[in-house]
Amino acid sequence: MKLNLDQAVINRCRQAAGHIAGDVDQFIRQRTTVSLERAVLRLMGINDAMDDVPVANLFVETIQAGQGLGRGAAYWLANGCYQLKLTADEVAQRVVSGQLDLFQLPQADRATLNPTLEKLMQPTIEKIKDQHRFRKDKLSNLGMGPEPLLYVIVATGDIYQDVDQAVAAVAQGADIVAVIRTTGQSLLDYVPHGSTREGFGGTYATQENFRIMREALDEAGDKAGRYVMLVNYSSGLCMPEIAVLGALERLDMMLNDALYGILFRDINMQRTLIDQHFSRQIIGFAGAIINTGEDNYLTTADAVEEAHTVTASQFINEQLALLAGLEDRQIGLGHAFEIDPSMTDGLLLEIAQAQMARQLFPRAPLKYMPPTKHMTGDIFQGHLQNGLFNLTSVLTGQGVHLLGMVTEAIHTPYVQDRLLALQNARYVMNNARNLGEELSIRDDGKISARARDVLEKAAQMLETVAEIGLFAALERGMFADIERSRDGGKGLDGVVMKDVDYCNPFQELLTQQAGSSGGGNDEK
Amino acid sequence: MKLNLDQAVINRCRQAAGHIAGDVDQFIRQRTTVSLERAVLRLMGINDAMDDVPVANLFVETIQAGQGLGRGAAYWLANGCYQLKLTADEVAQRVVSGQLDLFQLPQADRATLNPTLEKLMQPTIEKIKDQHRFRKDKLSNLGMGPEPLLYVIVATGDIYQDVDQAVAAVAQGADIVAVIRTTGQSLLDYVPHGSTREGFGGTYATQENFRIMREALDEAGDKAGRYVMLVNYSSGLCMPEIAVLGALERLDMMLNDALYGILFRDINMQRTLIDQHFSRQIIGFAGAIINTGEDNYLTTADAVEEAHTVTASQFINEQLALLAGLEDRQIGLGHAFEIDPSMTDGLLLEIAQAQMARQLFPRAPLKYMPPTKHMTGDIFQGHLQNGLFNLTSVLTGQGVHLLGMVTEAIHTPYVQDRLLALQNARYVMNNARNLGEELSIRDDGKISARARDVLEKAAQMLETVAEIGLFAALERGMFADIERSRDGGKGLDGVVMKDVDYCNPFQELLTQQAGSSGGGNDEK
Amino acid sequence: MMRSNFVKAYGDALNDGAVQLSFTLPLSPGGMAKEAARHLAEKMGLDQPEVVHMVEAGTGFSFFIVYGFCRHQVDTSQLQATEVEIQEMSFNEINQYIQERIGRRLNVVAACTGTDAHTVGIDAIMNMKGYKGEYGLERYSWINAWNMGSQVPNTRLVAEAKKTQADALLVSQVVTQRDVHISNLSQLTELLEAEGMRQNVLLIVGGPRISHQLALELGYDAGFGPGTTPRQVASYIAREIYRRQQG
Amino acid sequence: MMRSNFVKAYGDALNDGAVQLSFTLPLSPGGMAKEAARHLAEKMGLDQPEVVHMVEAGTGFSFFIVYGFCRHQVDTSQLQATEVEIQEMSFNEINQYIQERIGRRLNVVAACTGTDAHTVGIDAIMNMKGYKGEYGLERYSWINAWNMGSQVPNTRLVAEAKKTQADALLVSQVVTQRDVHISNLSQLTELLEAEGMRQNVLLIVGGPRISHQLALELGYDAGFGPGTTPRQVASYIAREIYRRQQG
Ligand code: B12
Ligand code: B12
Ligand SMILES: Cc1ncc(COP(=O)(O)O)c(C=O)c1O
Ligand SMILES: Cc1ncc(COP(=O)(O)O)c(C=O)c1O
């Protein structure tokens, strides 16, 4: 099944998106954020907490209070270690307990500090590389299911209940498990610490929770004879930090999209675009996959009217991801099956959109979201909507397939909801496994016309955005029907201009690597 | 969506089937049956019962006892009227009460009786014509839903509860309502009398029950703004009689298939093929549609292995129907969606079969049966199976679409089962309404290969059957994996050779009409 | 109080009691109907019953979907599995068992009785050619098997049982609307009692809606439900007849 | 005894009590688990409960589908519809009503509170541009409407209410897992009480899992569930404030 798309229009899209991403990149390069700096500290092993407050936060606050953040947290930590001949932890402890004022120390120059920086970075880099290697080995030994990969969420709010539900889902055929985050976490300007049992609508994303679930899934995967992927959110006010924790605990995919934070969490656009860039560099290095959030647009905007905004955003996200050094196969662009089910020939439009996305981003592990907005308390009807969604996904060869839940409009999924969802997908996808190869789409039909129309609109939109810039486009409410201002939203106070002698050896390393290899940390 | 079928193979099928039907027709023409003769009596207005035993039965028994059946019941009745100057009812009453011995009367010759016969026939012919006209008017005023037409069953066993459930189904969008018959009725060699409330797995087919339901559906249809079709079974040991009652009470469709009776009710093949011919003549004259039962083969035989037997049987049924004077648009050939849902690419084979049937019989109102055999207690999974069935139906443009019930494997449908089924069909068919027009099928793919394969096997089977004859084929178990012998089964004792002076003015009329116009009783 | 052998339904968190219901009420949709549905669910023991879906199901009727948290719990230590207990043997083992322990061929007569015409189930148990890769009783060298087919009146079955000196009667019942299977099955036991034959045969019933428990209640020796295999039935017959023979 | 105002569930024949259930038990599939499911259904008042489907739902869990005939009946004469009673007016009528009877613009403050970020529902009620073809409260000339958006802490909402001298507060709660909405809604009434403001505002809550009954239980004046339209809310506010004003 192939759509006859006009390559010239596709080129226009990519060109405009490249332009947009380039502009953003210019802006980003000059700035850092509190979360980015905390991420750097975490990469240097500062992952403890004091009375439940992460040391990284306390450390960065101290530096920010002293106006030193523009030089980079790495600099201050390394300089402390160098000057006092202490370990990173020792320095951090003293700083946050008020015993040590870093600004009082002599300030070595960068060249002098490089060996110290090198030493501070090494363990984490090794750990991340180990995790990457482990995943690769597992994948080549155990393999994964056929695409579309079946992705389910767990969301009990309690990591131990989550584990039970996740393990059950693996036994029922899940390829990917995402632990949904509690409401509100995205607006926390720190990452909670330790294992947790008290989330609402999701479970706190913490390093320990990641570890607990990773262990459970590795075990369940071994039992099921395949590698099971773990997903969490590198999103919200702590994007880069969670990227680090994800890299350390071998998360395989991270929801990661500044636009989502801007539109749906009212996070300041400057802040989160800067955060996003570094988080993507880390995710790229860890060999994980990002999932972008375009699907969410269709929960507030209409899926028929605003489909082109999804496509346009995918092009932008692709270019931003490439600039952060991700490879195509790591860029899980999001889209969704969200057309009103009562629409005559609605399925034709869904097929058009899904197939178009497939062809526009042929190597991307497209993340395909199920119906959510038009799900109701009628679980029987919902099961069918999910069935047609599953059919569309296998027909158009999507990569990462989020399973729709019959109780979507009611509660976070029960154990049986996930079971039903997995059975649904297994049945429909198996029964129609090669249907896509059997069929071709008329060039003069409704499906083709729809794809052409959406693509052209996306091109026009991208060209407008390229002209006015992404920030202005967001101010005009061009995405998801939501308007956000450049200086509004949460977290702007965490943005800091980099000094000329800004120091961030990780970013340097990752930027360099990306320049040479195009992403990932290995030979492929 | 179109399959590239080889016209030469289609021609071979039709030719062989024509040959088979011709042979059967030769056999039929020389014989009559007790039920056929009772049908003639009913056509002459003998529709009463005495102590719950139909007068038609008593009358025919008397004649059969006197070895007079070969001359035709019409002869004896008309002769009685003529000789005694009594009405048909008066004659029948006297005969069955033993007051009158018809064999003792002088026997007028046919020419003499013709005016009497004419007079006896007229009221019924008029009534049937009226009903036909009424239906045509309603249809042209109210219209019907778009095809595939949504067909549901009611099966409470109680005609009054059936009415409630049928009316509810019409409100939910049903186009066609079939009242399922109680177990066992097909083996009764009489048609029960009056309204009934005590069926098992269905409700007795009686003239009064037909009338009650017809009235309810006319009312519900007027309210819903469309004509609602009523279906029952002209099937079993009383095929022709029920055809008469259906014609009188304006049933729009009748399940009517001798092969079903032979295979699934062990009814003698001679008996039921003779009965079938006359029943089809009547149904044709009434302007109704027959539904054939090939779908049932796949409940005992495997849908992948034995698909060609369905196709072969459709060709035979078509030819037999044409010989009985039905038009293409009255021949609702049956087939079904019965492939094991756990089969990889099973949907491809279902599409192949459905699309092939569509192209082989382009004007037939194909009756498409839902999954039944592979339905289980898992109502959620079942709802999806029905969903893919609904999709296949709209994709391939079926005519009469029987709705699958989620509780198929559990009980006869509850009121909500029908609701869910109608919602399912409405959603899927509307959402994919014109999908079939958008897609084309690869000539070198699995779907095409499957269709070619099934068609070739059907041709070969038909050629074998043409060679050995239908009776021998049934003896060899070539259909539905079931073997039946020529002289076995129920009802053979009701078969009688026609005398040279056999009299059946209806059959004469219908045969003549068919010869001239090709079916139906009007100008079209 | 949840003791360890008490279980409750479970949706989101262990023992939360989460259940889903659906049903139709003879009321038009609206506030009242919704309230009626909620009440019904409450009577069934649901805490916080929520009517998540209400839709007209024909004039004067509404269909509901309800979720809630069921208070009831089940004490698993009080339960007894109510399926026939079978020590399953293989095809060859069964033949050998009959040959060695009983020493004569067993006579087994099967039928789908009454007006029921569903033969696939009983054929699955009986047919020579087998079902899902397993041979039916007709294939067993140490069983004489008669399959009388469908719509067999109980009187004919009893006559055949007498004629063949049947060791076991296998009755299939698929249609169950208005409990037609119950009256049909009861009639058979009465006939057998009347003929004084009840003690001489192993009386077995099967079908998709048949449970062992129901079979016992109706005076049968065993009941077999969906998914039964010929080997299970043959194993049961062989062992049970041997057991009875032993006293 | 079925009196005419008693209703039962209905599947095949009126008042047969037919219901469908589904749930998960923390037991591995098997005879015991099936029996446990049957027992649970019996406790819920089902006659002849039949487990029509049992499947493993992860190690140590089974999912069941059960049909049966529920004994319980509901006395419809005892029911009260528990939705807010609203005499609905049109957009123009509402403005006119406020102008004529109350004589001043009503101040309405809305927010999706706590950590809840679902704005679509409250926006549907508030937004100028409207929802499904109906204008939100911001469009009403006789209403001053403030929509504070999502994730608004209760303290901020109370401060805003004070500042604007709000006549009505509209709170939206969508996330309900572990009853987070309940604690969040209760906290708001406590804050208002503490500030001595509770009597001065009409306190309204809405959301997909909110019922009028729940709202009353939590000390709110009204609760609005799925499908609420801006006109219903505006009508209710106008009439209720007028009513209170009258004494
Ligand atoms: C195939 C089928 C038919 C075929 C039957 C062909 C045939 N020769 O058997 C046809 C199309 C003819 C048919 C007709 C009808 N059917 Co039908 N049919 C079915 C269907 C789709 C499958 C049944 C089946 O073959 N199952 C497969 C076998 C292998 O499973 P099984 O019977 O459970 O048998 C297993 C076990 O139960 C056990 N077992 C069974 N019997 C015995 C006996 C013994 C001694 C033992 C030890 C074990 C045992 O072992 C078997 C192997 O594991 C079911 C729906 C469904 N999906 O279940 C409806 C169904 C059984 N039919 C039904 C009805 C109502 C009818 C009709 C009465 C409808 C009508 N009025 O026209 C007719 C008439 C039939 C009649 N007079 O009895 C209803 C029964 C409802 C009820 N609970 O009362 C069902 C459930 C459909 C529905 N939901 O309405 N049917
Ligand atoms: C859209 C949506 C989102 C969007 C929200 C975008 C936005 N800006 O609002 C996005 C994608 C961001 C999102 C995110 C999440 N969501 Co969400 N989401 C939904 C979804 C699909 C639709 C909700 C919706 O828009 N409904 C349409 C509106 C019009 O309906 P409504 O809210 O019921 O409003 C009507 C009435 O209730 C009433 N009303 C509502 N409020 C008020 C207030 C007053 C005063 C009055 C009078 C009336 C009133 O009037 C409205 C119009 O009729 C639902 C699932 C579903 N299909 O319902 C899940 C759902 C609500 N989400 C859920 C969850 C858990 C989340 C997350 C927490 C998941 C996570 N951890 O990441 C996140 C985080 C959000 C957060 N912090 O709160 C759960 C809640 C489960 C529960 N019962 O606790 C749901 C049910 C999905 C699920 N099954 O898991 N979600
Ligand atoms: C990119 C992205 N981030 C985050 C989330 C989840 O929301 P929250 O940030 O509240 O955890 C989503 C939800 O779908 C998302 O798509
Ligand atoms: C042609 C035909 N006749 C009759 C029936 C119904 O069976 P019975 O003859 O037992 O009423 C069917 C069932 O599908 C059928 O297809």
Student: Taking 4.0 angstrom as the limit, do B:Lys373 and B:Glu338 come out as a salt bridge?
Tutor: no
Student: For B:Ala220, is it the side chain, the backbone, both or neither that has a heavy atom under 4.5 Å from a heavy atom of chain C?
Tutor: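 Neither the backbone nor the side chain of B:Ala220 comes within 4.5 Å of chain C.
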Student: Quick one: what part of C:Arg209 sits under 4.5 Å from any heavy atom of chain B, side chain, backbone, both or neither?
Tutor: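 Interface part for C:Arg209: side chain.
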Student: Given the rule in the ring pair (Phe, Tyr, Trp, His ring centres under 6.0 Å) test, do C:Tyr140 and C:Tyr135 qualify, once you have shown the distances and angles that lead to the verdict?
Tutor: CA-CA 8 Å; C:Tyr140 285 71; C:Tyr135 298 138; 8.3 Å; no
Student: For B:Gln165, which atoms come within 4.5 Å of any heavy atom of chain C: side chain, backbone, both, or neither?
Tutor: neither
Student: At a heavy-atom distance under 4.5 Å, which candidate from B:Ala171, B:Gly377, B:Gly184 has the highest pair count against chain C?
Tutor: B:Gly184
Student: Is there a donor in the side chain of B:Gln416 and an acceptor in the side chain of C:Thr24, or the other way round, less than 3.5 Å apart?
Tutor: yes
Student: Answer yes if the side chains of B:Arg265 and B:Tyr260 hold a donor-acceptor pair under 3.5 Å, and no otherwise.
Tutor: yes
Student: Tell me, out of B:Ile410, B:Asp164, B:Val167, who's got the most heavy-atom pairs with chain C below 4.5 Å.
Tutor: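 Max contact count across the listed options: B:Ile410.
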Student: Using distance alone, with no hydrogens and no angle criterion, decide if B:Thr372 and B:Glu408 have a side-chain donor and acceptor under 3.5 Å apart.
Tutor: no
Student: Below 4.5 Å from any heavy atom of chain C, which atoms of B:Leu422 appear? Answer side chain, backbone, both or neither.
Tutor: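 No part of it gets close to chain C.
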Student: Does any backbone or side-chain atom of B:Asp158 lie under 4.5 Å from a heavy atom of chain C? Answer side chain, backbone, both or neither.
Tutor: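 For B:Asp158, heavy atoms of backbone and side chain both lie under 4.5 Å from chain C.
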Student: Taking only Lys NZ, Arg NE, NH1 and NH2, and the carboxylate oxygens of Asp or Glu, determine whether B:Glu219 and B:Lys223 approach each other closer than 4.0 Å.
Tutor: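 No, B:Glu219 and B:Lys223 are not salt-bridged.
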Student: So for B:Ala168, is it side chain, backbone, both, or neither that comes closer than 4.5 Å to the heavy atoms of chain C?
Tutor: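 When you check distances to chain C, atoms from both the backbone and side chain of B:Ala168 fall under 4.5 Å.
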Student: Which region of B:Thr182, side chain (C-beta onward) or backbone (N, CA, C, O), has a non-hydrogen atom less than 4.5 Å from a non-hydrogen atom of chain C, or is it both or neither?
Tutor: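 It is neither, since no heavy atom gets under 4.5 Å.
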Student: Within the 3.5 Å criterion, strictly below it, is a donor on B:Asp417 or B:Thr407 matched to an acceptor on the partner's side chain?
Tutor: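 Looking only at side-chain atoms, B:Thr407 and B:Asp417 do form a donor-acceptor pair, the distance falling under 3.5 Å.
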Student: What part of C:Val120 gets closer than 4.5 Å to chain B, counting heavy atoms only: side chain, backbone, both or neither?
Tutor: side chain
Student: Is it true that the side chains of B:Asn256 and B:Ser235 contain a donor and an acceptor less than 3.5 Å apart?
Tutor: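 B:Asn256 vs B:Ser235: no donor-acceptor pair found between side chains.
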Student: I'd like to know which of C:Gly149, C:Ser22, C:Pro226, C:Ala57 tops the heavy-atom pair count under 4.5 Å against chain B.
Tutor: C:Ala57
Student: Taking B:Gly202, B:Gly199, B:Ser186 one by one, which has the highest count of heavy-atom pairs under 4.5 Å against chain C?
Tutor: B:Gly199
Student: Measure B:Gln172 against the heavy atoms of chain C and call it side chain, backbone, both or neither at under 4.5 Å.
Tutor: side chain
Student: Under 3.5 Å, is there a donor-acceptor pair between the side chain of B:Thr203 and the main chain of B:Gly157?
Tutor: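 Yes; at least one donor-acceptor contact below 3.5 Å.
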